[in-house]
Amino acid sequence: MEPREAEEKRGGEEEEDDLGYRLFPERNKKPQSFLVRSLFTFHNRCQLMLRAALDTNPYAQLLLEAMKQSGCTVFNDRHFSCENCDGCVSGGFDSATSQIVLCQNNIRHQSHMNRVVTHELIHAFDHCRAHVDWFKNVKHLACSEIRAANLSGDCTLMNEIARFKFGLKGHHQTCVRDRAIRSILAVRKVSKETAEKAVDEVFDACFNDLEPFGRIPHSKADAKRAYKDFQNRDRYNANL
């Protein structure tokens, strides 16, 4: 789950935890016809930016290839859905349907789309390769949120400067921790202390789990090198 940068907003105080689905009100509605959806500019723009992200962004391309090799091939029409969402989120991964939700009313430019697609694909990759208990084990959720913040470009220097956050030693780790905690609080009705405890308990192991990138891609150039290394690794293994 990726909170929208400009806002920090918690969900309503429902008596029962809806497991974050309150943020995606269109999840349980009957799908609109293609004709109806095509009339909405937000939806068209979302679809175009999604296609650009999948076709040109090296972060997304590496993750798509890694998921395919893991037996979880991603299809655009099946595994992505552009929808209107609550004002505090940009996207989410619905493990019940193995579908990535892209918040068409909150994603306004291509670089943001690239980052959201990458962030949610990391969750999808974790869902594919491991038995993640998204709803009952907050440590599992925390681990994937740490990995998504660490590997998606969420905490690059330029993004942090745009948020007016500056730091030197250990700033990347601080950003990853803070964003993982924010993401947990956005989708689970738990206390901040519970979210912080879960993140801190798994932080070292999950921060150092760099699959499938093999490195922390601090820039698009880093991601391109990681993608090339991944392809070469695949070719090497195929020849063994």
Side-chain angles (χ1 to χ4, degrees), residues 1-9 20 23-27 32 34 36-64 74-77 79-94 99-125 144-145 147-167 171-172 175-176 178-180 182-183 186-187 213 216-227:
M1 169 67 62
E2 173 171 311
R4 192 179 179 188
E5 283 88 343
E7 302 180 51
E8 271 193 70
K9 175 182 176 183
L23 303 173
F24 308 100
E26 296 189 5
R27 286 278 80 193
Q32 295 175 318
F34 174 78
V36 172
R37 288 185 287 113
S38 67
L39 297 176
F40 292 91
T41 303
F42 278 170
H43 189 80
N44 287 343
R45 182 178 62 185
C46 178
Q47 290 287 348
L48 290 172
M49 289 194 295
L50 169 61
R51 174 48 58 196
L54 298 179
D55 288 346
T56 66
N57 186 259
Y59 291 85
Q61 290 174 322
L62 192 158
L63 285 159
L64 292 172
V74 177
F75 298 98
N76 185 3
D77 293 339
H79 295 107
F80 293 92
S81 180
C82 289
E83 301 176 10
N84 289 325
C85 307
D86 182 271
C88 71
V89 294
S90 301
F93 176 66
D94 184 352
Q99 194 168 51
I100 289 171
V101 183
L102 300 170
C103 297
Q104 61 193 20
N105 55 320
N106 293 334
I107 300 174
R108 304 298 175 85
H109 49 81
Q110 188 63 52
S111 61
H112 190 188
M113 174 63 81
N114 292 346
R115 197 163 66 251
V116 174
V117 167
T118 302
H119 184 112
E120 303 307 336
L121 277 173
I122 292 170
H123 291 324
F125 176 77
S144 192
E145 292 296 356
R147 282 176 32 78
N150 188 28
L151 301 173
S152 67
D154 286 351
C155 290
T156 61
L157 177 61
M158 293 307 298
N159 283 333
E160 283 293 270
I161 289 175
R163 300 177 189 122
F164 300 103
K165 294 185 178 180
F166 307 93
H171 183 71
H172 180 77
C175 172
V176 169
D178 289 348
R179 293 187 70 77
R182 287 182 58 199
S183 292
V187 297
F213 291 90
I216 299 175
H218 290 290
S219 65
K220 185 176 285 189
D222 278 348
K224 287 181 178 178
R225 286 191 287 269
Y227 184 30

Side chain to side chain contact (heavy atoms under 4.5 Å, CB included) partners for Ala149, two or more places apart: Asp154, Val176, Arg179
Nearest heavy atoms of Gln110 and Ala53, plus distance in Å: NE2-N, 3.5 Å
Donor-acceptor contact below 3.5 Å, side chain Asn57 vs main chain Ala52: no
With sequence neighbours excluded, residues passing side-chain hydrogen bond (donor to acceptor under 3.5 Å, both in side chains) with Asp77: none
Considering all heavy atoms, the nearest Val116-Gly91 contact: CG1-CA, 4.0 Å
Residues forming a side-chain hydrogen bond (donor to acceptor under 3.5 Å, both in side chains) with Ser219, sequence neighbours excluded: none
Between CG on residue Leu121 and CD1 on residue Ile100, distance to nearest 0.5 Å: 4.0 Å
Side chain to side chain, Arg147 and His123, heavy atoms closer than 4.5 Å: no
Short side-chain to backbone donor-acceptor contact, His119 and Arg115, under 3.5 Å: no
Note, Val117 side chain near Tyr59 side chain (heavy atom, < 4.5 Å): no
Atom pair CD/CE of Gln47 and Met49 - distance to nearest 0.5 Å: 10.5 Å
Salt bridge (charged side-chain N to carboxylate O under 4.0 Å, His left out): pairs with one or both residues in residues 50-62, sequence neighbours excluded: Arg51-Asp55
Close side-chain approach of Phe42 to Ile107, heavy-atom, < 4.5 Å: no
Parallel, tilted or perpendicular, as decided by the 30° and 60° cut-offs, for the rings of His112 and His109: tilted
Heavy-atom donor-acceptor pair, Glu120 side chain to Phe93 backbone, under 3.5 Å: yes
Rounded distance (nearest 0.5 Å) linking atom CG of Asn105 with atom CZ of Arg45: 9.5 Å
Separation between CE of Met113 and CG of Leu54, rounded to the nearest 0.5 Å: 9.0 Å
Value rounded to 0.5 Å, distance of CG in Asn44 from CD in Gln104: 9.0 Å
Separation between CG of Asn114 and OG1 of Thr56, rounded to the nearest 0.5 Å: 6.0 Å
Minimal non-hydrogen separation, Asp222 against His218, with atom names: OD2-N, 3.1 Å
Side-chain (Asn106) to main-chain (Ser90) donor-acceptor, under 3.5 angstrom: no
Min side-chain heavy-atom separation Pro217-Leu151 under 4.5 Å: yes
